[in-house]
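The chain is numbered in sequence order, starting from 1. On a predicted model such as this, the values are computed, not experimentally measured, just so you know. Just so you know, ligand 1 is whichever comes first in the structure, and atom 1 is the first atom listed for that ligand.
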Amino acid sequence: SLRRGHAVALDRVLTWDDIGGLDDVKQKITQTVLWPLERRAQLSRLGLTAPRGLLLYGPPGCSKTTFVRVLASHLKASFFTLSPADIFGSHVGEAEATIRGAFHRARLAAPSLLFLDEIDTLVGSRGLTGGSSGGGESDPTRERVLTTLLNEMDGIEGGGEGEALGKNVVVVAATNHPDRLDPALVRAGRLDRAVYVRAPDARERIAIFDVYLRRMPAVVTDAELMALAEEIPGATGADIENMCREAALACLRRGDPAVSAAHLREAKARWVPTLTREMVAYY
Ligand code: ATP
C-alpha cells in the first residue's frame, strides 16, 4: 500500500495543485491553451488571436508531461497524444499515416488538444548535415515525419473548404532539447508560443514536498522542510517525489507511525542528482 501514492496519481484526475510551485508557468499555460479552447469567442471579441501551438521545454523531470496531464483533466475538450513510440514502432511508411490519423481524429473531435511528446525525437531536423551536437546524420524517415507534421499543423489553420470542425485544435509539444528542433516547427501558425518549464527553486521545492507529503501521514515542520529544500539545489520535481516515496519506505521499515524529517534525511542521503549544472545552464 505504500506505492499507493503512485497508483493514485495515475488514475485520479490531476489538478494544478498537484504541481508544486511554477505558478507563473501555470498562468501562462492557462492563457495559452485553456482560454483559446474554452473562451474562443471572448478572445476574438477582444481582437486576440489564439495560438496554434505551444512548446513546453526544459530539463527532464520538471513536470512538462504533468502539465499536459493537468490540462487534459481540465479541458472540456478531447485529448490526443502522439509519442515517438507510436510512430517508430510502426512499419516503414506508416509513420506519416499515424501522424495524419492523429491530426484527423483531433480535428473531428474539436475542440481538442493534441500532445506531441519528445518532439525532438519525433521529427529530427530538416537538412541537418554535420550538426553541432554530434548526431549529424539526416534520417529520411524523420524528415518525412517532420514534413507531414508541418503540413498537418498548417492544415489545422485552414481547416479546408466546408470543414467547419477544422479549427479548434491546439497542439502542445514537449522537449528537453529545444535547440534540436527544426526552425520551421516554431514558426507563426505552428508551435508559436513557448513556455520554459524550469527546475524549481528552493521555495518551489518546498511546495513540491508539500504536494507529496500531504498525501501521507507526515510530521515535518516548515523549518525542517525549508532546511532540507535548501540542501538540494538542482533537485527536480521527480527527484523530490522519489525522495518522499523513499522516506515513506524508511518510515515503514522502522515501523514509525508517520513520515518525519529523519526519514526524509535518510532518503536525501541516497539522492543522486539527475540534473547537472550544465543541463540547467543549457536552457
Ligand atoms: P521528461 O522530460 O523526462 O519527460 P517531464 O518534465 O515531462 O520529464 P514529468 O514526467 O511531468 O516531467 O515529471 C516526472 C515526475 O515528477 C512526475 O511523477 C511528476 O508528478 C513529478 N513532478 C515533477 N515536477 C513536479 C512538481 N513541480 N510538482 C509535483 N510533482 C512534480
Return yes or no for this condition: an N or O of [X] is under 3.5 Å from an N or O of ligand 1.
X: Cys62; answer: yes
X: Gly20; answer: yes
X: Ile19; answer: no
X: Gly61; answer: yes

Need the ligand 1 atom indices (1-based, order shown) with element for anything under 4.0 Å from a heavy-atom of [X].
X: Asn176; answer: 2 (O)
X: Glu241; answer: 15 (C), 16 (O), 17 (C), 18 (O), 19 (C), 20 (O), 21 (C)
X: Ile208; answer: 26 (C), 27 (N), 28 (N), 29 (C)
X: Thr66; answer: 9 (P), 11 (O), 13 (O), 17 (C), 19 (C), 20 (O)

**Report entry** Tyr57: partners by ring pair (Phe, Tyr, Trp, His ring centres under 6.0 Å), with sequence neighbours left out
**Finding:**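 Ring pair (Phe, Tyr, Trp, His ring centres under 6.0 Å) list for Tyr57, sorted by chain: Tyr196.
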
Query raised in the report: Has the side chain of Glu152 got a donor or acceptor atom that lies under 3.5 Å from a matching backbone atom of Arg100?
Result: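 No, the answer is negative, given that no donor and acceptor are paired below the 3.5 Å cut-off.
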
Query raised in the report: For ligand 1, is Asp18 a contact, meaning one of its heavy atoms is under 4.0 Å away?
Result: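 Contact present.
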
Query raised in the report: Would you say the side chains of Tyr282 and Asp179 form a donor-acceptor pair under 3.5 Å?
Result: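 Yes - a donor-acceptor pair under 3.5 Å links their side chains.
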
**Report entry** ligand 1 versus Phe67: contacting region, heavy-atom distance under 4.0 Å
**Finding:**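 For Phe67, there is no contact with ligand 1 at all, from either part.
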
Query - Closest non-hydrogen atom pair between Arg198 and Val25, with its separation - result: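 The answer is NH1-CG2, 3.9 Å.
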
Query raised in the report: Who are the side-chain contact (heavy atoms from CB on, under 4.5 Å) partners of Ile208, not counting sequence neighbours?
Result: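 side-chain contact (heavy atoms from CB on, under 4.5 Å) list for Ile208, sorted by chain: Pro200, Tyr212, Ile240.
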
Requested in this report: Report the residue from Ile87, Leu185, Leu191 that forms a side chain to side chain contact (heavy atoms under 4.5 Å, CB included) with Leu149.
Outcome: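 That would be Leu185.
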
Query - Reported CZ-to-CG distance for the pair Arg190 and Leu55, which is rounded to 0.5 angstrom - result: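 If I round to the nearest 0.5 Å, the distance is 14.0 Å.
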
